[in-house]
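Here the structure comes first, spelled out in structure tokens, and everything after it is commentary.
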There are 2 protein chains.
Amino acid sequence: MVSETETTTQPRIPLNKERVFRAAIAIADEGGIESLTMRRLAEHLGVEAMSLYYHVDNKEAVLDGVIDAVMSEVEEATGGFDPPTDGVDWQIALRERILTARRVMLRHPWAVGVFETRTEISMLTMRYFDALLGLLREGGFSYDLAHHAMHVLGSRSLGFAQELFSDNPDDADEDAAAMLEQMADKLPYLAGMMMEVAHDDPDSTLGWCDDQTEFEFGLDLILDGLERLRTKA
Amino acid sequence: MVSETETTTQPRIPLNKERVFRAAIAIADEGGIESLTMRRLAEHLGVEAMSLYYHVDNKEAVLDGVIDAVMSEVEEATGGFDPPTDGVDWQIALRERILTARRVMLRHPWAVGVFETRTEISMLTMRYFDALLGLLREGGFSYDLAHHAMHVLGSRSLGFAQELFSDNPDDADEDAAAMLEQMADKLPYLAGMMMEVAHDDPDSTLGWCDDQTEFEFGLDLILDGLERLRTKA
DNA sequence: ACCTGAACACCGTTCAAGT
DNA sequence: ACCTGAACACCGTTCAAGT
């Protein structure tokens, strides 16, 4: 009970939301989102699991906070969600902004999936989308077309296209040949495609797709289509 | 030990994979994918949880089987994944097929999410994508462009666009007005869009988006873009 | 061949209690 | 103000044992 003011035993920094969210992101980055448990999170912070509930309502609140933190990384990367820089072509500006967001999201590949499960959208997140909408408006879009545009872009507006097939490089190599065998009759077109790829680039297998290239291809296809609709209307 | 051959006590039908997958789908349809647990699944089948493991390796295998079952619903709905009906415009054929798949997927909204977590792709699933690829090829696409096309379509090729924001109709109505208030300065473009919508259709609020309309808008935008690239090349 | 009881190592969360 | 122990109601899964 005596004052032990200046003992150097453990800094004794109390927990706070910031530190909780940071630790959560670090865990998810390292082991995937399914490795993020309240117990593991507490452990990383040198604390018992129950202590987390003093700072945070529940796990959902952790996920909300984590998404908000990721969005502020995006904000930092884009240099703020300011009003659109006028004068510059909307298509170039939007493309640039989305690719910047992508650079952040690639550091947290689990984030889009979590994003989609959110029921509350933070102010920061809304400001991101408001800024995108602003780029479209200032680029000459009607609200109606801009609204459609946001829907078409979907998760692509965050720089992330959910890949339907995550290429698993393990199997791809080992039985690619055996697969091509039975593909030839049952899956003629996939077989044909693979054979052409194999011909053009003998070293490649099923895992040949380049995510960044495909992302940009899809993004440009959509942006071009939108520009066409904009000028037509 | 005496033969009680014809006692009418409980039909005593042994479990099998088919019944397990069917029950799993029913549970997910009713309560969402997170309500699908091995224990609940067993209960639905009038059996102990451990009994499932006699018929199925683990929960992952259940999910694999469930996706395969959904894909066979798609197959039935499209009348088989046959070689493309030649002569008919690729764009119309592909659009039709995807919208048919969508009708099935809307009955199992959780399915796309599960699909994305699969590491093994079933033969039936591959045949679906082979058929889509076939439609493109027969429509005059190079393998290279067709491959890009599959990437752009992504989960849309299954009839499902992952909605970034699931409109929650609860909050939308109650504090839409209050929200517009502070939106006006911090979220100028979103506010402007809402105000225009409110003006055009006074009864509507944030939950005004029509998923089917937006899906078809996006699909057509992409298909048109692909056709343009096809003829240009 | 098919099913089960008991058990294990995990979850998220509550609540009364400690400092 | 901040943290914890003990406990609860859940998970998926194994394994030896029952019929």
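Here is how names work: the chains are called A, B, and so on, in the same order as the sequence lines, proteins then strands, and each is numbered from 1.
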message = Without decimals, in angstroms, what is the distance between Leu52(B) CG and dT13(D) C1'?
response = 11 Å

request  = Identify the residue among Lys17(A), Lys59(A), Arg118(A) that makes a salt bridge (charged side-chain N to carboxylate O under 4.0 Å, His left out) with Asp64(A).
outcome  = Arg118(A)

ask   = How long is the line joining CG of Asp57(B) and C1' of dG12(D), in whole Å?
value = 14 Å

remark   = Picking from dG12(C), dC11(D), dT4(C), the nucleotide nearest the side-chain atoms of Arg39(A) would be dG12(C)

message = Just to be sure I understand the rule, does Ser51(A) reach a base, reach only the sugar-phosphate, or reach nothing, if contact means heavy atoms closer than 4.0 Å?
response = base

inquiry  = Is Arg40(B) close enough to dC10(D) that one of its side-chain N or O atoms is under 4.0 Å from OP1 or OP2 there?
reply    = no

query = So which nucleotide does dA17(D) pair with, by the Watson-Crick or G-U wobble rule with both distances under 3.5 Å?
reply = none

key: For atom CD of Glu60(B) and atom P of dT13(D), their distance in whole Å   = 8 Å

message = Check this for me: Gln212(B), atom CD, are more than 12 non-hydrogen atoms of other residues, nucleotides or ligands nearer than 6.0 Å?
response = yes

key: Whole-Å gap separating C1' (dG12(C)) and CG (Leu41(A))   = 12 Å

query = If you check every side-chain atom of Tyr54(A), which of dC2(D), dT14(C), dA7(D) has the closest atom?
reply = dC2(D)

inquiry  = Among dT4(C), dC11(C), dT4(D), which nucleotide has an atom closest to any side-chain atom of Val47(A)?
reply    = dT4(D)

task = Select one nucleotide: of dC15(D), dT14(C), dG12(D), the one nearest the side-chain heavy atoms of Met50(B).
result = dC15(D)

Lys59(B) NZ - dT14(D) P separation (whole Å) = 14 Å

message = Could you check whether Asn16(B) and His55(B), counting side-chain N and O atoms only, form a donor-acceptor pair closer than 3.5 Å?
response = no

query = Do the side-chain N or O atoms of His55(B) get closer than 4.0 angstrom to the phosphate oxygens (OP1, OP2) of dC3(C)?
reply = yes

ask   = In whole angstrom, what separates Leu45(B)'s CG from dT4(C)'s P?
value = 11 Å

remark   = Checking dC2(C), dT4(D), dT13(D) against the side chain of Pro14(B) (C-beta onward), the nearest is dC2(C)

Parallel, tilted or perpendicular, as decided by the 30° and 60° cut-offs, for the rings of His148(B) and Phe217(A) = parallel

note = Whole-Å distance, Glu43(A) CD to dC3(D) P, equals 17 Å

request  = Using a heavy-atom cut-off of under 4.0 Å over every strand shown, decide if Met38(B) touches base, sugar-phosphate, or nothing.
outcome  = sugar-phosphate

task = Tell which nucleotide pairs with dC8(C), taking only Watson-Crick or G-U wobble pairs whose two distances are both under 3.5 angstrom.
result = dG12(D)

key: Residue Ala49(B), side-chain atoms from C-beta onward, closest of dT4(C), dG12(C), dT13(D)   = dT13(D)

ask   = To the nearest angstrom, how far is Glu48(B) atom CD from dC3(C) atom P?
value = 11 Å

message = If you define the side chain from C-beta out and look only at heavy atoms, does anything of Ile98(A) sit under 4.5 Å from Phe215(A)?
response = yes

